[in-house]
There are 2 protein chains.
Amino acid sequence: MMENEIFRALADPTRRAIFEKLAAGGMNASALREGIDISQPAMSQHLAVLRGAGLVREERQGRFVNYEVDPEGLALIAQWLAKYRAYWPARIEALKVLLKDMDQ
Amino acid sequence: MMENEIFRALADPTRRAIFEKLAAGGMNASALREGIDISQPAMSQHLAVLRGAGLVREERQGRFVNYEVDPEGLALIAQWLAKYRAYWPARIEALKVLLKDMDQ
DNA sequence: ATGACAGATAAGCACGTACTTATGTGATTC
DNA sequence: GAATCACATAAGTACGTGCTTATCTGTCAT
């Protein structure tokens, strides 16, 4: 089950930080390390977990590897979330923002 | 940070199963155990984690404790997800379903 | 080819997590 | 008020996770 790997991947704050950084634009593993105090192997391992969860995808570019957000993982979270739509409070501000951004 | 506890809580498949069961309707901890092969203390501990994450809330009813889905946790996930809306593929079926269910 | 560089993998370790059994707490029933 | 029931908490344990250092793989420049 993919959900398992997705939520497990996002359960780690360092991985969420990496993902958030990638969401601002794809970049290679070394560039990703800047600003996040983490060793090279640790970064590599985190990226492997994110990739396994379908949250990130890689693309070899010479001797660099460019990473970017994989929409598939996000779509699966949206799908999971949709199952519980009955419980989403109708007038919460966050939801209104979400709706406005999506409905176009 | 609440996100941390939410994703950590959902990273466990047993807890997701409990949450899913609660989403079908609130019930007490004993009723929740039916169908899920788990000891009473384990269930109690899982419910404590889900409650700490804002995914579930409790209500004492005599010597029973009724548990139900807390919309706040779900709203926070939606909020987190909304940050990455730029990456959501526009025509994925899951997303269309999500949109249809929300936009009313 | 050789050295340098980007990144992955291996192995080991400290700590966290999910479970267990045992016991505690609060509410109900008799 | 004693027994029982629903649930929480305590303590211990097996296993998972995230980190480290060391090493390997692949690509580029010279």
Side-chain angles (χ1 to χ4, degrees), chain A residues 1-22 24-70 73, chain B residues 1-22 24-70 73:
Chain A
M1 187 188 297
M2 201 68 163
E3 281 169 6
N4 217 325
E5 286 163 289
I6 292 187
F7 285 121
R8 251 195 18 78
L10 293 174
D12 184 76
T14 304
R15 272 193 299 264
R16 281 202 309 281
I18 293 169
F19 182 82
E20 191 157 351
K21 203 166 181 181
L22 276 179
M27 67 184 83
N28 61 58
S30 298
L32 267 174
R33 283 183 61 201
E34 290 167 17
I36 304 181
D37 187 29
I38 199 173
S39 70
Q40 179 269 315
M43 174 59 77
S44 183
Q45 286 158 17
H46 279 310
L47 287 169
V49 172
L50 286 168
R51 185 158 33 80
L55 286 162
V56 146
R57 59 188 173 199
E58 69 178 37
E59 186 185 355
R60 261 260 166 205
Q61 279 178 357
R63 69 179 154 183
F64 293 81
V65 177
N66 199 271
Y67 281 90
E68 61 181 9
V69 166
D70 186 346
Chain B
M1 187 189 296
M2 201 68 164
E3 279 169 9
N4 216 325
E5 287 163 287
I6 291 186
F7 285 121
R8 251 195 19 75
L10 292 173
D12 183 76
T14 305
R15 272 193 298 264
R16 283 202 307 282
I18 293 170
F19 182 81
E20 191 157 351
K21 203 165 182 182
L22 276 180
M27 67 184 85
N28 61 58
S30 297
L32 268 174
R33 285 184 60 201
E34 291 167 16
I36 304 180
D37 187 28
I38 199 173
S39 70
Q40 178 268 316
M43 174 58 77
S44 183
Q45 287 158 17
H46 279 309
L47 287 170
V49 172
L50 287 168
R51 186 156 36 80
L55 285 163
V56 145
R57 60 189 172 198
E58 69 179 35
E59 187 186 355
R60 262 260 165 204
Q61 279 177 359
R63 69 180 157 184
F64 294 82
V65 176
N66 201 271
Y67 282 90
E68 60 182 8
V69 167
D70 186 346

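As the structure is a prediction and not an experimental result, all values here were calculated from the model. Chain letters run A, B, ... following the sequence lines, proteins first, then strands; residues in each count from 1.
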**Study point:** B/I6 side, atom CD1; B/R8 side, atom CZ - distance, nearest 0.5 Å
**Key:** 12.0 Å

Study note, to complete from the structure: Sorted by number, residues from residues 2-13 of chain B placing a heavy atom under 4.0 Å from DNA chain D are none

Study note, to complete from the structure: Rounding to 0.5 Å, atoms CE (A/M43) and CG (A/N28) come to a distance of 10.0 Å

Review point. What distance do B/D12 atom CG and B/I18 atom CD1 have between them, rounded to the nearest 0.5 Å?
Key: 8.0 Å

Point to revise | Whole-Å distance separating the CD1 atom of B/I38 from the P atom of C/dA18 | key: 11 Å

Exercise for review: In whole angstrom, give the distance that lies between atom NE2 of B/H46 and atom C1' of D/dA8.
Suggested key: 15 Å

Study note, to complete from the structure: Value for CD (B/Q45) from CD1 (B/I38), rounded to nearest 0.5 Å, stands at 8.5 Å

Point to revise | B/T14 side chain near C/dC19 phosphate (N/O to OP1/OP2, under 4.0 Å) | key: yes

Study note, to complete from the structure: If each end axis of the helix from C/dA1-D/dT30 to C/dC30-D/dG1 is fitted on five C1' pair positions, the angle between them, to 10 degrees, is 20°

Practice item. Answer whether the closest heavy-atom distance between the side chains of B/R16 and A/N4 falls below 4.5 Å. Key: yes

Review point. Is there a donor-acceptor contact under 3.5 Å from the side chain of A/R60 to the main chain of A/G62?
Key: yes

Review point. Would you call A/E3 and B/L10 a side-chain contact if the rule is heavy atoms closer than 4.5 Å?
Key: no

Revision key, fill the gap. To the nearest angstrom, the CD-P distance between B/E59 and D/dA6 comes to 18 Å

Practice item. Ignoring hydrogens and angles, tell me if any N or O in the side chain of B/D70 forms a donor-acceptor pair with the backbone of B/G73 under 3.5 Å. Key: no

Check your understanding: Would B/E68 and B/L22 satisfy side-chain contact (heavy atoms from CB on, under 4.5 Å), going step by step from the backbone distance to the final call?
Key -> CA-CA 6 Å; B/E68 60 182 8; B/L22 276 180; 5.6 Å; no

Point to revise | Interatomic distance where CZ belongs to B/R33 and C1' belongs to C/dT20 [whole Å] | key: 13 Å

Point to revise | Rounded distance in Å - CE (A/M27) to C1' (C/dA6) | key: 16 Å

So which protein nitrogen or oxygen atoms get under 3.5 Å of nucleotides 7-15 of chain C's nitrogens or oxygens?
from, atom 1, to, atom 2, distance (Å)
C/dG7, OP1, A/A29, N, 3.2
C/dG7, OP1, A/V65, N, 3.3
C/dG7, OP2, A/S30, N, 2.8
C/dG7, OP2, A/S30, OG, 2.2
C/dA8, OP1, A/Y67, OH, 2.6
C/dA8, OP2, A/S44, OG, 2.7
C/dA8, O5', A/S44, OG, 3.3
C/dA8, N7, A/Q40, NE2, 2.8
C/dA8, N6, A/Q40, OE1, 3.0

Point to revise | A/S39 vs D/dT20: side-chain N/O to OP1/OP2 distance below 4.0 Å | key: yes

Review point. Start at the 5' end of DNA chain D and walk down; is the nucleotide closest to A/R15 or to A/G62 reached first?
Key: A/R15

Review point. Between A/V65 and A/L47, is any pair of side-chain heavy atoms under 4.5 Å apart?
Key: no

**Study point:** Passing candidate, side chain to side chain contact (heavy atoms under 4.5 Å, CB included) with B/R51, options B/E5, B/R57, B/E58, B/H46
**Key:** B/E58

